[in-house]
Amino acid sequence: MKYDIKQNGASLAIDIQTDASEEKAALLQQFQACQSGQCTCPSDAYNQLDKMDVQQVNGHIKIEMTAKEGMQLKAGEVARCIAFTGKTIK
């Protein structure tokens, strides 16, 4: 799994690439759980999250995360969450 995180003001744009369809399906399931408030990542980043959009585009997983008003999502914190999620699905 490879990923790229771009900070854009209060938002983060995340592009995740994986060749394994099982890994992709498991990642999507985990990210959808986060969207519904069931995030398992050991981080407080979720508490700062206002909106999270997850899509599949050209074989990639694209995530757009927007912080609550007055808050800032930290790319490093989200990167740790993605790495944690990647380890838990293997």
Side-chain angles (χ1 to χ4, degrees):
M1 171 178 64
K2 297 187 298 185
Y3 59 89
D4 182 50
I5 302 174
K6 291 188 178 4
Q7 185 93 40
N8 184 14
S11 297
L12 294 176
I14 305 162
D15 179 7
I16 301 173
Q17 304 168 42
T18 180
D19 293 328
S21 60
E22 297 86 17
E23 183 179 40
K24 189 179 296 177
L27 284 169
L28 284 167
Q29 185 177 13
Q30 289 294 315
F31 296 137
Q32 288 165 347
C34 281
Q35 280 182 298
S36 66
Q38 304 297 316
C39 202
T40 60
C41 176
S43 167
D44 68 347
Y46 188 77
N47 297 327
Q48 301 167 357
L49 187 63
D50 180 45
K51 186 172 83 173
M52 181 175 173
D53 181 43
V54 180
Q55 298 180 24
Q56 285 190 76
V57 179
N58 297 327
H60 294 214
I61 299 171
K62 303 274 190 174
I63 303 171
E64 182 77 27
M65 300 174 81
T66 304
K68 292 177 181 173
E69 189 172 330
M71 297 190 159
Q72 182 81 24
L73 293 168
K74 296 180 179 92
E77 191 73 20
V78 173
R80 281 190 289 281
C81 284
I82 293 170
F84 172 84
T85 300
K87 290 177 187 173
T88 62
I89 62 170
K90 291 188 176 188

Open item on the list: Going by side chain to side chain donor-acceptor pair (under 3.5 Å), name the residues that satisfy it together with Gln55, two or more places apart in sequence or in a different chain.
Closed with: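 With neighbours one apart ignored, the set is Asp53.
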
Task: Residues forming a side chain to side chain donor-acceptor pair (under 3.5 Å) with Asp4, sequence neighbours excluded - done: Lys6

Within this structure, what is the [atom1]-[atom2] distance for the pair [X] and [Y], rounded to the nearest 0.5 Å?
{"X": "Ile16", "Y": "Ile5", "atom1": "CD1", "atom2": "CD1", "answer": "8.0 Å"}
{"X": "Glu64", "Y": "Ile14", "atom1": "CD", "atom2": "CD1", "answer": "8.5 Å"}
{"X": "Ile82", "Y": "Ile63", "atom1": "CD1", "atom2": "CD1", "answer": "6.0 Å"}
{"X": "Gln38", "Y": "Gln32", "atom1": "CD", "atom2": "CD", "answer": "13.0 Å"}
{"X": "Met52", "Y": "Ser11", "atom1": "CE", "atom2": "OG", "answer": "13.0 Å"}
{"X": "Tyr3", "Y": "Thr85", "atom1": "OH", "atom2": "OG1", "answer": "10.0 Å"}

Open item on the list: With a sphere of 6.0 Å drawn around NZ of Lys68, does it hold more than 12 non-hydrogen atoms of other residues, nucleotides or ligands?
Closed with: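 Buried by this count: over 12 neighbours within 6.0 Å.
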
Open item on the list: Counting neighbours of CG on Asn47 that are heavy atoms of other residues, nucleotides or ligands and sit closer than 6.0 Å, is the number greater than 12?
Closed with: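 Yes, because the 6.0 Å sphere around CG of Asn47 holds more than 12 heavy atoms from other groups.
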
Open item on the list: Is any side-chain heavy atom of Lys24 closer than 4.5 Å to one of Gln56?
Closed with: yes

Task: Criterion side chain to side chain donor-acceptor pair (under 3.5 Å) on Glu23 and Thr18, from CA distance to verdict - done: CA-CA 7 Å; Glu23 183 179 40; Thr18 180; 2.3 Å; yes

Task: Test applied, side chain to side chain contact (heavy atoms under 4.5 Å, CB included); reference residue, Leu12; option that passes from Gln7, Lys74, Gln72 - done: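 It is Gln7; the other options fail the test.
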
TODO: Could you tell me which non-hydrogen atom of Leu49 sits nearest to which non-hydrogen atom of Leu73, and how far apart they are?
DONE: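 In this case the closest contact between Leu49 and Leu73 is CD1-CD1, 4.1 Å.
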
- [ ] Give yes when the SG atoms of Cys81 and Cys41 are nearer than 2.5 Å, otherwise give no.
- [x]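 Yes, the SG atoms sit under 2.5 Å apart.
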
TODO: Treating Ile, Leu, Val, Met, Phe, Trp and Tyr as nodes and any side-chain heavy-atom pair under 4.5 angstrom as an edge, say whether Ile89 and Met1 lie in one connected cluster.
DONE: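 Yes, it is one cluster - the side chains of Ile89 and Met1 are joined through contacts under 4.5 Å.
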
Task: Verify same cluster id: Phe84, Val54 (apolar side-chain graph, 4.5 Å) - done: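 No; tracing contacts between hydrophobic side chains, which count when under 4.5 Å, never links both residues.
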
